[in-house]
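Worksheet for the structure shown next.
What you are looking at is a predicted structure, and each value in this text was computed from that prediction instead of being measured. In what follows, residues are counted from 1 in the order of the sequence shown. Order of listing sets the numbers, starting from 1, for every ligand and every atom in it. Note: hydrogens, waters and symmetry copies are ignored here, and every other heavy atom, side chains too, is used.
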Amino acid sequence: MLERIEQIREEGRAAISRASDAAAVEEARVGFLGRKAELTTILRGIGELPPEQRGPVGKTGNEVRRELEGLIDEAKARHERAELDDRLAAEAIDVTLPGTPPVLPGHLHPLTRTRREIEDIFVGLGYRVMEGPEVEHDYYNFTALNYPPGHPARMLQDTFYVDAGSLGPDPALVGSDGEPLTVPPGPRDVLLRTHTSPMQIRGMEEQEPPIFIIVPGRVYRRDSDATHTPMFDQVEGLAVGEDITLADLHGTLLTFARAVFGPDRDVRIRPHFFPFTEPSVEVDVSCFRCGGTGRFENDRCSLCKGTGWLEILGAGMVDPNVFGFVGEHGYDPDRVQGFAFGMGIERIAMLKHGVPDLRMFFDNDVRMLEQFR
Ligand code: PHE
């Protein structure tokens with residue numbers, strides 16, 4: 001019996017070292033240590049052996065079992081490690097390869113496209129593109145635009161005020177160049193600009209007349225519904241010279257409207273009020289869906305609500321009081337005059353592309369954005 005156990009030891013060692021993969025090792029385990037294996041049967045039958053054989057057979061048998069168990073565990077681990085290495089090498093993924101199918105290149109956001117389209121039109125008319133701060137002084141956003149402190153028209157553009165205290169206690173009024181910072185006159189409030197019109201003032205401070213600028217940029221208001229978001233985009237326009245009239249404003253906006261909405265468009269101006277223009281107007285473009293008739297497919301046109309007109313922007317002749325704030329930069333209201341206009345980029349894009357809800361521009365839903373490829 002002991003001899004047989006030693007044979008099993010040798011056979012086991014040989015089988016395990018012959019096993020060339022984890023599956024073969026497992027086969028050896030079943031064959032030598034499994035429930036039906038010879039060694040298992042021997043050990044199970046010890047009780048039936050003559051008493052003097054039980055000790056030696058049990059001792060050797062268990063020793064062989066432990067040895068083979070150890071060899072099997074070791075062989076299994078070795079094979080599994082090797083097989084994993086092989087798999088890792090074979091299935092390595094080159095993340096620099098294009099995907100399948102290749103991912104389409106990205107494209108501009110519809111608002112960016114619309115902004116650039118507007119810029120291109122005005123650059124073609126000789127305007128310069130300027131940009132300015134979104135965090136603005138009360139002076140530029142309101143006071144110098146002829147909204148005196150406390151004027152009720154300020155309430156029409158409720159906004160977000162920046163807590164000056166959040167900038168630190170009593171910030172030293174010195175710029176990064178060491179020069180003293182001049183705080184503009186009027187209320188010392190700092191706010192997120194409610195429109196791009198402050199750039200009328202900053203533009204005129206920077207450049208003597210004549211001036212032809214457009215200013216795209218973000219603006220902020222405390223508003224939120226299907227046609228208003230707390231942040232949106234505007235393009236401001238300013239043209240000042242010696243003999244610029246309301247007729248020039250009309251012609252400029254007609255050119256603009258036809259470039260954006262089609263060559264058959266017309267524009268009309270209606271009286272309105274803005275503190276910084278006099279007279280002030282609102283500008284409508286003839287509806288491009290119904291051709292200005294108000295009727296579409298035998299029904300009331302849904303785009304212009306049957307009116308034949310779509311409101312696109314606010315405008316007017318620069319109020320002489322506004323020139324009063326930039327008089328030292330060459331803007332003498334007795335010598336120069338001009339017009340200003342301001343439009344919402346989202347509004348232009350919504351009209352042009354039939355987008356029903358302003359918030360869709362900011363949801364980042366690719367199903368919507370992909371339509372602007
Ligand atoms: N700033 C005005 C607004 O946001 C638009 C405007 C700009 C009106 C320039 C007249 C002149 O409503």
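In this structure a side-chain-to-backbone donor-acceptor pair under 3.5 Å is present from Ser280 to Phe274. With hydrogens and angles ignored, the 3.5 Å screen pairs a side-chain donor or acceptor of Thr159 with a backbone N or O of Leu192.
Contact residues for ligand 1 (protein heavy atom closer than 4.0 angstrom to any ligand atom): Gln157, His195, Ser197, Gln200, Arg221, Gln234, Glu236, Phe274, Phe276, Thr277, Gly314, Ala315, Ala340, Phe341, Gly342.
Here Tyr140 pairs with nothing under the ring pair (Phe, Tyr, Trp, His ring centres under 6.0 Å) rule; sequence neighbours left out. Shown here are the side-chain contact (heavy atoms from CB on, under 4.5 Å) partners of Leu88, two or more places apart in sequence or in another chain: Leu84. Remark: Leu254 pairs with Arg258, Asp266, Val267 by the side-chain contact (heavy atoms from CB on, under 4.5 Å) rule, at least two apart or across chains.
Closest approach of Asp138 and Leu191 over heavy atoms only: CA-CD2, 4.1 Å.
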